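One structure is given below, encoded as structure tokens.
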Amino acid sequence: MCSRYIKSIYLFIYLIMSSKDRYNIFPSRMAQTIMKGRLKGAQTGHNLLKKKADALAIRFRLILKKIIDTKTLMGDVMKTASFSLAETKFSMSGDFSQVVIQSVSKAQIKIRTKRDNVAGVILPSFESFHDGGDSFELTGLGRSGTQLQRLKKNYGEAIKILIELATLQTSFLILDDVIKVTNRRVNAIEHVIIPKISRTITYIVSELDEMEREEFYRLKKVQEKKKQIRALQEKKRAELIEIGLLNGQEEEAPNILDQEHDEDLLFQ
């Protein structure tokens, strides 16, 4: 008695846990077809998201390599530009920054933004361009002209590299977030959705098989019951023939259009 009670408890817990690991759906052929379609869609979506994650990971590693190389180059360019600034200050015997600041009315180097599509992810791309003429074209004609031209060239290269580095850093951060989200979706589909749909299909198939077995068993019992009733009728008919109440002639075939029907059979 105790073992049967423990088994019933285990069965109840199993049913509760299995119902949580699958969709609550009535088992039928239509439900099986729907679940198979959902499973096919989930597998297709998983493959597409997996390919997207792989493409983003390749671009991510490429950008990371470019960032490392650009930062190394940026260090060398800034070192050269700082040396050119010190050289120009020494040759001009003083600080000329105030003259430059007072001469500037608007920015000569501006940035425009472009878009790059990588596997459905929009990545910004910054590009510099010159707006207007050079306000310091005639600066340094008196003295230190060569040092000033070298200074402008070195800091111009530094600005271009800074803009390129900003593009890479922005793309790096965007791809990092998108890759995390995509990987979470891939893992959710692979480890949650697809197994849940598969367990639901298994449940539907098992229930349909059980219903077919029950229907087969019911039909078998009905046939056995009808055979028993027919055997009893034949036995009674033979007894009536022996005692002379029937002449042994065949009875008229029943009409299928009559309203009479077989009585329901109850199994105990």
Side-chain angles (χ1 to χ4, degrees), residues 2-70 113-126 164-220:
C2 183
S3 62
R4 292 179 60 186
Y5 179 72
I6 294 174
K7 288 181 180 179
S8 62
I9 292 176
Y10 283 155
L11 179 60
F12 179 72
I13 295 174
Y14 172 75
L15 291 175
I16 293 177
M17 295 300 293
S18 61
S19 63
K20 290 182 180 180
D21 293 338
R22 60 174 173 81
Y23 291 101
N24 189 11
I25 189 171
F26 181 77
S28 62
R29 297 294 179 185
M30 181 60 69
Q32 183 181 7
T33 304
I34 293 173
M35 285 292 109
K36 286 184 178 180
R38 293 182 64 179
L39 179 61
K40 182 66 176 178
Q43 292 173 348
T44 303
H46 175 267
N47 293 332
L48 292 176
L49 285 176
K50 189 67 176 176
K51 292 180 180 179
K52 178 180 178 180
D54 294 339
L56 293 177
I58 293 173
R59 186 63 177 268
F60 183 79
R61 289 191 292 267
L62 181 61
I63 290 177
L64 180 60
K65 184 178 181 301
K66 286 184 178 180
I67 287 175
I68 296 173
D69 297 338
T70 305
T113 304
K114 295 183 179 180
R115 292 185 176 183
D116 188 13
N117 192 342
V118 180
V121 180
I122 303 299
L123 299 178
S125 177
F126 305 121
E164 182 181 358
L165 186 59
T167 301
L168 295 174
Q169 291 278 23
T170 306
S171 301
F172 179 84
L173 295 176
I174 294 175
L175 284 179
D176 187 30
D177 294 335
V178 174
I179 287 173
K180 289 179 181 178
V181 173
T182 305
N183 287 333
R184 282 197 295 266
R185 290 176 180 175
V186 170
N187 293 331
I189 293 175
E190 181 178 359
H191 300 291
V192 178
I193 296 177
I194 291 179
K196 195 171 184 179
I197 296 176
S198 300
R199 285 191 292 266
T200 304
I201 294 175
T202 303
Y203 163 74
I204 293 173
V205 171
S206 63
E207 290 296 320
L208 291 177
D209 291 342
E210 184 66 24
M211 292 170 63
E212 290 179 357
R213 286 192 293 268
E214 290 177 357
E215 182 68 15
F216 178 76
Y217 179 76
R218 186 186 68 81
L219 293 175
K220 187 176 180 181

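As the structure is a prediction and not an experimental result, all values here were calculated from the model.
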Nearest-0.5 Å distance, [atom1] of residue [X] to [atom2] of residue [Y]:
{"X": "Thr167", "Y": "Ile67", "atom1": "OG1", "atom2": "CD1", "value": "10.5 Å"}
{"X": "Ile189", "Y": "Leu49", "atom1": "CD1", "atom2": "CG", "value": "5.0 Å"}
{"X": "Leu123", "Y": "Ile174", "atom1": "CG", "atom2": "CD1", "value": "6.0 Å"}
{"X": "Tyr23", "Y": "Arg38", "atom1": "OH", "atom2": "CZ", "value": "4.5 Å"}
{"X": "Ile63", "Y": "Leu175", "atom1": "CD1", "atom2": "CG", "value": "4.5 Å"}
{"X": "Lys40", "Y": "Ile197", "atom1": "NZ", "atom2": "CD1", "value": "13.0 Å"}

What I'd like to find out is whether the side chain of [X] reaches to under 4.5 Å of the side chain of [Y], using heavy atoms alone.
{"X": "Lys180", "Y": "Arg184", "value": "yes"}
{"X": "His46", "Y": "Gln43", "value": "no"}
{"X": "Ile122", "Y": "Asn117", "value": "yes"}
{"X": "Arg199", "Y": "Lys196", "value": "yes"}
{"X": "Leu48", "Y": "Lys52", "value": "no"}

Carefully, step by step, assess Arg213 and Asp209 under the rule salt bridge (Lys or Arg N to Asp or Glu O under 4.0 Å).
-> CA-CA 6 Å; Arg213 286 192 293 268; Asp209 291 342; 5.0 Å; no

Looking only at heavy atoms, what is the nearest atom pair of [X] and [Y], with distance?
{"X": "Val186", "Y": "Lys50", "value": "CG2-N, 4.0 Å"}
{"X": "Leu56", "Y": "Val118", "value": "CD2-O, 3.6 Å"}
{"X": "Thr170", "Y": "Pro124", "value": "CG2-CG, 3.5 Å"}

